[in-house]
Amino acid sequence: MTQDNAFISFRNVNKFYGKFQAIKDVSMDIGHGEFFSLLGASGCGKTTLLRMLAGFESVSSGEIYIDGQPMSGVPPHHRPVNMVFQNYAIFPHLNVRDNIAYGLRKQKLPRAKRNDMVEEMLELIKLPEYGDRKATQLSGGQRQRIALARALILKPKVLLLDEPLGALDKQLREQMQLELRALQKTVGITFVFVTHDQEEALTLSDRIAVMAEGRDLQVDTPTRLYENPKTREVASFIGTMNFFDGTVTSLKGDTAVIKVDGLGEVSASMGAVPLLAGDSVNVAIRPEKFVLTDEKPDGVQYCVKGQLNNAAYLGERSHYYISVDGVSKPVAVSAQNRERAQETETQSRPVWLSWNSAAIVVLKD
Ligand SMILES: Nc1ncnc2c1ncn2[C@@H]1O[C@H](COP(=O)(O)OP(=O)(O)OP(=O)(O)O)[C@@H](O)[C@H]1O
Ligand SMILES: [Mg+2]
């Protein structure tokens, strides 16, 4: 995604509320038809960014472009966007049909045309029989779908969704995630989706912007964010990550030889980070990239002996915590429970950890 083929562009956008800076120099591009998520902890500026895109909030400096047009001075109702809010405000005194048609009331449409559009929306959200239901006689998930239909009927080019699934329980939430994704593919419009739930962002998105304290830390596909985080902050925000301290001893092409505390000498691809011999680095390895064995393994690239001191059984997989000499925190390892087990063996015992260079992510200290 470049600025040239972007549908939405943020260029050096800053936002101040008085002296407090809520958004700090954000630049990013969102493609046409993309399912794009803003992911970050509470208070990092996700809603602020969305509200500036919708025009409910002004930018303090910088510019937002939609379809090549600068949005400064363009009021919300003249922007090709529509927003679905965190606590889906559907009107309790209206039935489902009138709720969905609400935004159309200012457009002078023939009644028959309007009814057709509503029926089409009811089909799309898989509630075809619900037109006459009162809004108060709906489940949370159904209400959420009505809120979506009410936004989609106006055929916006961009739909902004601020934690639309936040109020739903886990099961309904997972079902709605799949429906939302399918719906987005059907209608083909650009979604900008806000969540603080990393699993939700990974499941739904084409790309994700990871945010912290008003900044965009990394914008990437779910796979690249997980497998190739660019900073320690992103690596620890998405999933679980083990970090080890290391020093670069030599370089050969784009491979670095690193002396790692507790693990010994490893070689790993530098990726995007330019390194020099003598640099202090963080070596990062995901828990599932380690293999745990009771005996010293044969034919592996790297292995180290440790002491299992904690285990947790989670059904499909188990988590193990292994202390290794020279490593300050226990190493987290996760393993799929392929064999049907009688009991997870939790008693402390010596174990071997093995891994290979492809598992290693090198991050500058
Ligand atoms: N109108 C305002 N005046 C002053 N500060 C504000 C205002 N709106 C938001 N803020 C502050 O800006 C920061 C970002 O707020 P924002 O609502 O964008 O966070 P968020 O990422 O959406 O958080 P959450 O996940 O809790 O919804 C917060 O520190 C918040 O307190
Ligand atoms: Mg918010």
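As a basis for the values below, the full set of heavy atoms in this structure was taken, side chains included, without hydrogen atoms, waters or symmetry mates. Atoms within each ligand, like the ligands themselves, are counted from 1 in listed order.
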Checklist entry - Hey, which atoms in ligand 1 end up nearer than 4.0 Å to a heavy atom of T48? => result 14 (C), 15 (O), 16 (P), 18 (O)
Next on the checklist: I'd like to know if the side chain of S72 pairs up with that of E63 as donor and acceptor (distance under 3.5 Å, no hydrogens or angles considered).
Outcome noted: yes
Checklist entry - G45 to ligand 1: N or O pair under 3.5 Å? => result yes
Checklist entry - In terms of the angle between their ring planes, are F290 and W355 parallel, tilted or perpendicular, with boundaries placed at 30° and 60°? => result perpendicular
Checklist entry - So which of K19, R51, K46 gets nearest to atom 21 (O) of ligand 1, if we judge by its closest heavy atom? => result K46
Checklist entry - Do you see a donor-acceptor pair shorter than 3.5 Å between the side chains of D67 and Q69? => result no
Next on the checklist: One thing to verify: whether E119 and R97 come together as a salt bridge, which I'm taking to mean a side-chain N less than 4.0 angstrom from a carboxylate O.
Outcome noted: yes
Checklist entry - Mind checking whether F91 and H93 have parallel, tilted or perpendicular rings, split at 30° and 60°? => result tilted
Item to check | Polar proximity ligand 1 side, F20 side, N/O cut 3.5 Å exclusive | outcome: no
Checklist entry - Does T47 bring an N, O or S atom to under 2.8 Å of the Mg ion (ligand 2)? => result yes
Item to check | Aromatic ring proximity F35/F193, centre distance under 6.0 Å | outcome: yes
Item to check | Proximal atoms of ligand 1 relative to A22 (non-hydrogen, under 4.0 Å) | outcome: 12 (O)
Next on the checklist: Show me which atoms of ligand 1 lie under 4.0 Å from any heavy atom of T47.
Outcome noted: 17 (O), 18 (O), 20 (P), 22 (O), 27 (O)
Next on the checklist: Does only the side chain of E163 get under 4.0 Å from ligand 1, or the backbone, or both, or neither? Count heavy atoms.
Outcome noted: side chain
